[in-house]
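Take a look at the structure below.
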Amino acid sequence: MKNKLKIVGIQAASVWENPEKNIAFFEKKINTLEAGFDLIVLPEMFTTGFTMHPERVAEKMDGFAVSWMQKVAKEKQAAICGSLVISAADKFYNRFIFVHPTGEIETYDKRHSFTLAGEPKVYTSGTEKIIIEYKGWRICPLICYDLRFPVWARNTENYDLLIYVANWPIARIKAWDTLLKARAIENMSYLIGVNRTGKDRNNYEYSGNSVLIDCLGKELSSLKENEVGIITANFVKSEQDRIRKKLGFLADKDSFKIYK
């Protein structure tokens with residue numbers, strides 16, 4: 001078990017439906033990082049932007065972007081994650097990919113498809129919440145619109161870190177800022193939220209506002225609006241465990257069942 005986990009989030013302006021250019025950008029950024037990081041977090045649909053035309057960009061699980069993530073994870077000896085447009089069994093998924101330093105892959109399919117943009121019409125929603133075990137940490141990955149649904153994020157699995165990757169527009173950025181802190185506080189968990197910047201082909205603008213937050217809602221690292229760059233912080237498991245034990249809030253949480 002590693003007590004201290006160094007987390008890196010990369011905020012960028014995605015090039016619309018252009019995996020090669022987007023991956024080239026992220027690779028360049030990753031190669032500037034100092035050694036010693038444990039986890040790299042990239043935005044939602046980081047190779048394409050939030051497209052509703054998966055037939056133009058979808059790849060299989062052995063495709064270009066997934067293979068690139070495996071290469072990076074092995075070379076840097078760090079985990080890397082983000083969501084991609086994936087095609088499987090004649091369906092399309094907004095799929096969170098987590099690649100371990102060994103190249104092992106774990107996945108989560110976005111549960112809450114964004115109706116306002118027509119996402120449910122083209123992407124199949126996931127039904128399973130997953131917890132990733134990594135270096136003694138329990139990690140819960142979620143995607144964008146999932147942020148608005150606290151029951152799905154509720155910390156019934158005693159996870160240590162909550163990840164949100166997103167394409168969250170500037171028009172509703174106050175909700176992003178507010179709900180990220182709420183999810184960290186109510187679940188007594190470290191949290192990283194990684195969003196994109198720039199303007200997409202549908203003229204939606206994104207300001208980023210990527211952030212790392214502790215279990216009491218304190219920001220540990222953030223970027224200015226519209227800034228392309230990197231956030232990083234060290235999450236310390238023993239400190240979070242100490243706070244959880246002292247306050248005991250998670251012991252008082254409600255019991256419930258989700259019907260899929």
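No experiment lies behind these values; they were computed from the predicted model shown.
Residue Leu247 shares its hydrophobic cluster (ILVMFWY side chains chained together at separations under 4.5 Å) with Met188, Leu216, Ile243, Phe249, Leu250. Clustering of Ile, Leu, Val, Met, Phe, Trp and Tyr by side-chain heavy atoms under 4.5 Å joins Ile185 with none of the others. Apart from Met1 itself, the hydrophobic cluster it occupies contains nothing, where clustering links Ile, Leu, Val, Met, Phe, Trp and Tyr at side-chain heavy-atom distances under 4.5 Å.
Not counting sequence neighbours, Tyr206 has no partner by the ring-ring contact (aromatic ring centres under 6.0 Å, His included) test. Legend: residues meeting side-chain contact (heavy atoms from CB on, under 4.5 Å) with Thr107, ordered by chain and number and at least two apart, are Met61, Arg95, Ile97, Ile105. For Tyr159, the ring-ring contact (aromatic ring centres under 6.0 Å, His included) test picks out no residue, with sequence neighbours left out. Residues satisfying the side chain to side chain donor-acceptor pair (under 3.5 Å) test with Asn234, not counting sequence neighbours, are none. For Lys76, the side chain to side chain donor-acceptor pair (under 3.5 Å) partners at least two apart in sequence or on another chain are Asn31. Residues meeting the ring-ring contact (aromatic ring centres under 6.0 Å, His included) test with Phe235, sequence neighbours left out: Tyr190. Residues forming a ring-ring contact (aromatic ring centres under 6.0 Å, His included) with Tyr134 (at least two apart in sequence, or on another chain): Phe98, His100. Qualifying side chain to side chain donor-acceptor pair (under 3.5 Å) partners for Arg148, counting only residues two or more places apart in sequence or in other chains: none.
A side-chain donor-acceptor contact under 3.5 Å links Arg183 to the backbone of Leu147. No donor-acceptor pair under 3.5 Å is formed between the side chain of Asn94 and the backbone N or O of Lys110. The main-chain N or O of Val72 is never found under 3.5 Å from a side-chain atom of Glu75 such that the two would form a donor-acceptor pair. Here the side chain of Ser113 pairs no donor or acceptor atom with the backbone of Glu119 at under 3.5 angstrom. Side chain of Asn22 to backbone of Val15: a donor-acceptor contact under 3.5 angstrom is found. A side-chain donor-acceptor contact under 3.5 Å links Ser83 to the backbone of Met45. Judged by distance alone, with hydrogens and angles left aside, the side-chain atoms of Asn167 form a donor-acceptor pair with the main-chain N or O of Glu44 at under 3.5 Å. Of the possible donor and acceptor atoms, one in the side chain of Glu59 sits under 3.5 Å from a partner among the backbone N and O of Val66. Between the side chain of Asn3 and the backbone N or O of Val236 there is no donor-acceptor pair closer than 3.5 Å. Remark: the backbone N or O of Asn155 is paired with a side-chain donor or acceptor of Asn187 at under 3.5 angstrom.
Between Asn226 and Lys224 there is no side-chain heavy-atom pair separated by less than 4.5 Å. Residues Ile132 and Pro141 have side chains in contact (heavy-atom distance under 4.5 Å, counting atoms from C-beta outward). With a 4.5 Å cut-off on side-chain heavy atoms, Phe26 and Pro43 count as touching. Taking 4.5 Å as the limit, every side-chain heavy atom of Ile231 sits out of range of all side-chain heavy atoms of Val41. Side-chain atoms of Val57 and Thr47, non-hydrogen and from C-beta on, never get closer than 4.5 Å to each other. Side-chain contact check for Ile30 versus Ile80: some heavy-atom pair is nearer than 4.5 Å. Under the 4.5 Å side-chain criterion, counting only non-hydrogen atoms from C-beta, Leu161 is in contact with Ile7. A heavy-atom distance below 4.5 Å is not found between the side chains of Thr124 and Asp109.
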Contacts table for residues 169-177: side-chain donor-acceptor under 3.5 angstrom, sequence neighbours left out:
from, atom 1, to, atom 2, distance (Å)
Trp176, NE1, Asn209, O, 2.9
Asp177, OD1, Asn209, ND2, 3.2
Asp177, OD2, Asn209, ND2, 3.2

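When the side chains of ILVMFWY residues are joined at heavy-atom separations under 4.5 Å, either directly or via intervening members, Leu142 and Phe114 end up in two distinct hydrophobic clusters. Linking ILVMFWY side-chain heavy atoms closer than 4.5 Å, directly or via other members, places Ile163 and Leu212 in a single hydrophobic cluster.
Looking only at atom types and distance, the side chain of Asp146 has a donor-acceptor partner in the side chain of Tyr108 under 3.5 Å away. For the residue pair Arg244 and Asn158, a side-chain donor N or O sits within less than 3.5 Å of a side-chain acceptor on the partner.
Expressed to the nearest 0.5 Å, how far SG of Cys81 lies from CE of Met69 amounts to 6.5 Å. Once rounded to the nearest 0.5 Å, the distance linking OG of Ser210 with CG of Asn195 reads 5.5 Å.
Between Glu186 and Arg154 no salt bridge is recorded (no basic side-chain N to carboxylate O distance below 4.0 Å).
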**OP:** Apply salt bridge (charged side-chain N to carboxylate O under 4.0 Å, His left out) to Glu17 and Arg201, showing your working.
**Re:** CA-CA 9 Å; Glu17 295 182 356; Arg201 189 64 60 83; over 6 Å; no
Subject >> Evaluation steps, salt bridge (charged side-chain N to carboxylate O under 4.0 Å, His left out), between Glu219 and Lys181 >> reply: CA-CA 9 Å; Glu219 291 187 12; Lys181 287 188 176 181; 3.4 Å; yes
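Across all non-hydrogen atoms, the minimal contact from Asn202 to Asp200 is N-OD1, 2.8 Å.
Enclosure of atom NZ in Lys253 by more than 12 non-hydrogen atoms of other residues, nucleotides or ligands within 6.0 angstrom is indicated. In Phe25, the CZ atom is crowded: over 12 heavy atoms of neighbouring residues, nucleotides or ligands sit closer than 6.0 Å. More than 12 heavy atoms of other residues, nucleotides or ligands sit less than 6.0 Å from atom NZ of Lys71. By the 6.0 Å contact criterion, CD on Glu55 is enclosed, its count of non-hydrogen atoms from other residues, nucleotides or ligands being greater than 12. Sparse packing is recorded around NZ of Lys91, with 12 or fewer heavy atoms of other residues, nucleotides or ligands lying under 6.0 Å away.
A perpendicular orientation is assigned to the rings of His112 and Trp152, their planes being inclined by more than 60° (bins at 30° and 60°). Aromatic ring pairs are classed by plane angle as parallel below 30°, tilted from 30° to 60° and perpendicular above 60°; the pair Trp68 and Phe46 is tilted.
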